[in-house]
Amino acid sequence: MRQTTADHGERPVLGPGQALRRIAFLLERQLADTFKVKAFRNAAATVLATDPAELRARAGAGTLRELEKIGKATEAVIVDALAGRVPAYLEELERGSGPLETGGLALRERLRGDLHSHSDWSDGGSPIEEMVMTAMEVGHEYLALTDHSPRLKVANGLSAARLTRQLEVVEAVNAHTGDGFRLLRGIEVDILEDGALDQTPQLLDRLDVVVASVHSKLRMDAGPMTRRLVRAVEDPHTNVLGHCTGRLVRGGRGTRPQSEFDADAVFEACAEHGVAVEINSRPERQDPPDELVALALEKGCLFSIDSDAHAPGQLDFLDYGATRAVELGVPEERIVTTWPLDRLLEWSQARR
Ligand SMILES: [Zn+2]
Ligand SMILES: [Zn+2]
């Protein structure tokens, strides 16, 4: 399961490409500016595409910066890594590389994977392969790739044709990852205003995991919002109810109050249909709020602790969700992401 990120004392010295990726990862998990992270990811891509002999020659001659996307900071990292030194910038970042929060450590170790993540096919910042490599590095046994659905145009939601194409890519990725890791076919499907799901049933049938979430008309009246959520939960394709209140508690997008609905009715439907209530780990969401997690517990719901990562480093957000789950007394057995993968898939396919 999880490999600790705090053991840099024993960490082998990384090659230049790995060092640049590791820096990007550590920056992302602390929510650094995208442009800053991009500089390191772009430089890593250049390094990986450059012949090692040329890289060494350029490091010696001081001409690394003639290569595309290599700047002053990334050049210094490459030079150090080639010389077998831990780059100073990396060393500094590693000092803060322990768990993002420690309250849920034991549970975090028991989480086998993540059912909610995005790639650059929708509004994520990195290619699928980079998300997968990082998921493996943080010790996941699986990751569900859940890019957005067609109607969410602002997030470049996937049409049926693009999702079909993505499923082929997922299969190709899995042919390379070996037995210890699986990329799950998934979607974060929009819950439309009437509670219908924004993708064809035929395509949803082909997926391992369906996360259903509301992204529009979050302020609709409680009556219609309750019917909307209950209908989505009743849909036999739905496995996880994503960030159910839509609230934003902090961050660059500002704050947003939670949607209003009859939570008793919604969580009773989740419990009845075996739909997991997502504990969304994003620091700006922390959704559902404490009192609703308590209510879902009382109603007998299952839970899924998800990162909703839009960048590789954000996969570590599970530290936040695990801490909340422990603080709120959610038993491990009720958290589907602690289950072995075959049990998880049996559950996710049970209503199809
Ligand atoms: Zn969402
Ligand atoms: Zn999402």
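None of the values given here were measured: they were computed from a predicted structure. Whatever order the structure lists them in is the order used to number ligands and atoms, beginning at 1.
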Angle subtended at the Zn ion (ligand 1) by NE2 of His215 and NE2 of His243, nearest 10°: 100°

Aromatic plane relationship, His116 with His243 - under 30° parallel, 30 to 60° tilted, over 60° perpendicular: tilted

Closest non-hydrogen atom pair, Glu278 against Gly242: OE1-CA, 3.4 Å

Backbone or side-chain N/O/S of His116 under 2.8 Å of the Zn ion (ligand 2): yes

Metal site angle (apex the Zn ion (ligand 2)), OE1 from Glu188 and NE2 from His118, 10 degrees: 90°

Heavy atoms from other residues, nucleotides or ligands near NZ of Lys299 exceed 12 (cutoff 6.0 Å): yes

The Zn ion (ligand 2) to Asp308: nearest N/O/S atom name: OD1

Polar side-chain atom of Arg334 near backbone of Cys301 as donor-acceptor pair, under 3.5 Å: yes

